[in-house]
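Report on the structure given below.
The structure presented is a predicted model; accordingly, all values stated were derived computationally and were not measured. Values reported hereafter were calculated over all heavy atoms of this structure, with side chains retained and with hydrogens, waters and symmetry mates removed.
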Amino acid sequence: MGGVLIGLAVIGVVIAVGYVAARCGLGDEPTISALTRTAFFITNPVLLFTVVLKSDLSVVFSAYVPLAMITAAVTGLLYVAASRIWFRRPMAETAVGAMAGSYVNANNIGIPITLYALGDATAVAPVLLVQLLLFAPLVLTLLDLSEAGRFSPRLVLTQPFRNPMIIASLLGVVLAAFHVQLPSPVMAPLTLLGGAAVPVVLLAFGMSLRGTTMLRSGGHTAEILTATALKSAVMPAVAFVVGRFLFNLDHRMLLGVVLMAALPSAQNVFLFASKYGRGVAVARETILLTTAAAAPVLVLVVWLLAA
């Protein structure tokens, strides 16, 4: 289980560095805002572009993709239902909470975990593509519409094309579809910038933890616990049921699907929430709780399904 622990430890160390920096006076609100804006407008779009560009788009025809879509959609809609019935939060906060409960950390933790458990990372690419090309644009569009304060068909249709991360992902898809190979002098700076995306967001996340008390975030405890339960317990269970009984997957593919669903919430949830100033506490604490729960949850999944 070394891949699981190493992946979690790396993330934890970078978050801790951000927290210590904030404690030392290096991580005030303007600094956090500058880091999240840098990630949102520069490093994350570049990372998404390079990831999609290098992806094999033929994976969209594999069973992993519809499974990833169904699993995330069911989990996210369960949060939406809970929000409508109990929390009664606005659209933007509900979108962030649903994302926190269904958007997995496929890149940072998913790759080492699937390499350990399955011997390859085949299960990661489909989940990344579904999240980058479907769910992230949907949430970002909802956040943009909420920020605009009005609704119109034209705004819905044009809003995704004003977002740098969606534009970068779509550009990557177009180039990958035509098998375009960018020359090394072009890819080198893009790879360098993309490599900064994850540590920048994790540093900002760690800085934001200074002065916060877990589950005392202004009346958001029920939302945080709901999103955490959905992400850590319900989503893997949904993946197992759908994969086993609807798609009739073989043992190896089923393990890959459930492992991906059991991953903690991705740091991009915090990035989106911070950029728009909506649902930040829910995003931050759900990521923290699901990451803390990830080791026992993933070990349990491997123990139950790898036997």
Side-chain angles (χ1 to χ4, degrees), residues 4-23 27-29 31-33 35-36 39 44 75-76 79 82-83 87 89 93-110 112-113 131 139 197-236 260-300:
V4 176
L5 299 178
I6 290 173
L8 294 172
V10 168
I11 289 177
V13 167
V14 181
I15 291 173
V17 170
Y19 177 78
V20 172
R23 296 284 296 179
D28 55 8
E29 284 300 322
T31 303
I32 296 172
S33 177
L35 287 174
T36 54
N44 261 52
T75 311
Y79 185 92
S83 180
F87 313 144
R89 299 297 185 188
E93 282 79 359
T94 299
V96 170
M99 189 181 191
S102 61
Y103 198 95
V104 305
N105 196 330
N107 195 34
N108 297 33
I109 305 178
I113 285 173
Q131 292 190 157
V139 172
V198 173
V200 165
V201 176
L202 291 177
L203 281 172
F205 179 76
M207 291 175 181
S208 75
L209 296 177
R210 180 180 179 271
T212 62
T213 304
M214 291 298 295
L215 302 180
R216 295 183 182 177
S217 301
H220 299 292
T221 300
E223 298 160 73
I224 295 165
L225 292 178
T226 299
T228 300
L230 286 171
K231 180 75 240 19
S232 298
V234 176
M235 193 171 180
M260 294 305 297
L263 294 172
S265 300
Q267 65 271 0
N268 273 355
V269 182
F270 172 76
L271 174 62
F272 295 172
S274 298
K275 166 61 176 62
Y276 292 91
R278 310 296 288 269
V280 177
V282 174
R284 178 180 59 235
E285 298 196 21
T286 300
I287 293 170
L288 199 59
L289 289 173
T290 56
T291 301
V297 170
L298 291 166
V299 168
L300 179 63

Expected list for residues 268-276: side-chain donor-acceptor pairs under 3.5 angstrom, two or more places apart:
| from | atom 1 | to | atom 2 | distance (Å) |
| --- | --- | --- | --- | --- |
| Asn268 | OD1 | Asn44 | ND2 | 2.8 |
| Ser274 | OG | Phe270 | O | 2.9 |
| Tyr276 | OH | Asp144 | OD1 | 2.5 |

(request) Could you tell me which non-hydrogen atom of Val282 sits nearest to which non-hydrogen atom of Gly97, and how far apart they are? (result) CG1-CA, 4.2 Å
(message) As an exercise, state the distance from CZ of Arg284 to CD1 of Ile224, rounded to the nearest 0.5 Å.
(response) 8.0 Å
(request) Grab the two heavy atoms, one from Val297 and one from Ser232, that are nearest each other, plus how far apart they are. (result) CG1-O, 3.6 Å
(request) Determine yes or no for a side-chain-to-main-chain donor-acceptor pair under 3.5 angstrom, with Ser208 supplying the side chain and Phe205 the backbone. (result) yes
(request) Quick one: pull up OG1 in Thr31 and CD in Glu29 and give me the separation to the nearest 0.5 Å. (result) 9.0 Å
(message) Looking at Thr290 and Ile287, would you say the former's side chain and the latter's main chain have a donor-acceptor pair under 3.5 Å?
(response) yes
(request) Compare every heavy atom of Ile32 with every heavy atom of Gly27, then report the nearest pair and how far apart it is. (result) O-CD1, 3.8 Å
(request) For residues Ala227 and Ala100, report the shortest heavy-atom separation together with the two atoms involved. (result) CB-CB, 4.4 Å
(request) Over all heavy atoms of both residues, which pair between Gly101 and Thr75 is shortest? Give the atoms and the distance, please. (result) O-CG2, 3.1 Å
(request) Return the minimal non-hydrogen interatomic distance between Arg278 and Glu93, and the atom names on each side. (result) NE-OE2, 2.8 Å
(request) Please name all residues satisfying side-chain contact (heavy atoms from CB on, under 4.5 Å) with Ala16, sequence neighbours left out, ordered by chain then number. (result) none
(request) Tell me, please, which residues at least two apart from Thr94 pass side-chain hydrogen bond (donor to acceptor under 3.5 Å, both in side chains). (result) Ser83
(request) Using ring pair (Phe, Tyr, Trp, His ring centres under 6.0 Å) as the criterion, list what pairs up with Phe87, not counting sequence neighbours. (result) Tyr79
(message) If the condition is side-chain contact (heavy atoms from CB on, under 4.5 Å), which residues does Val104 pass it with, not counting sequence neighbours?
(response) Ala106, Val127, Gln131, Lys231, Met235, Leu263
(request) Rounded to the nearest 0.5 Å, what's the gap from OG1 on Thr286 to CE on Met99? Could you check? (result) 12.5 Å
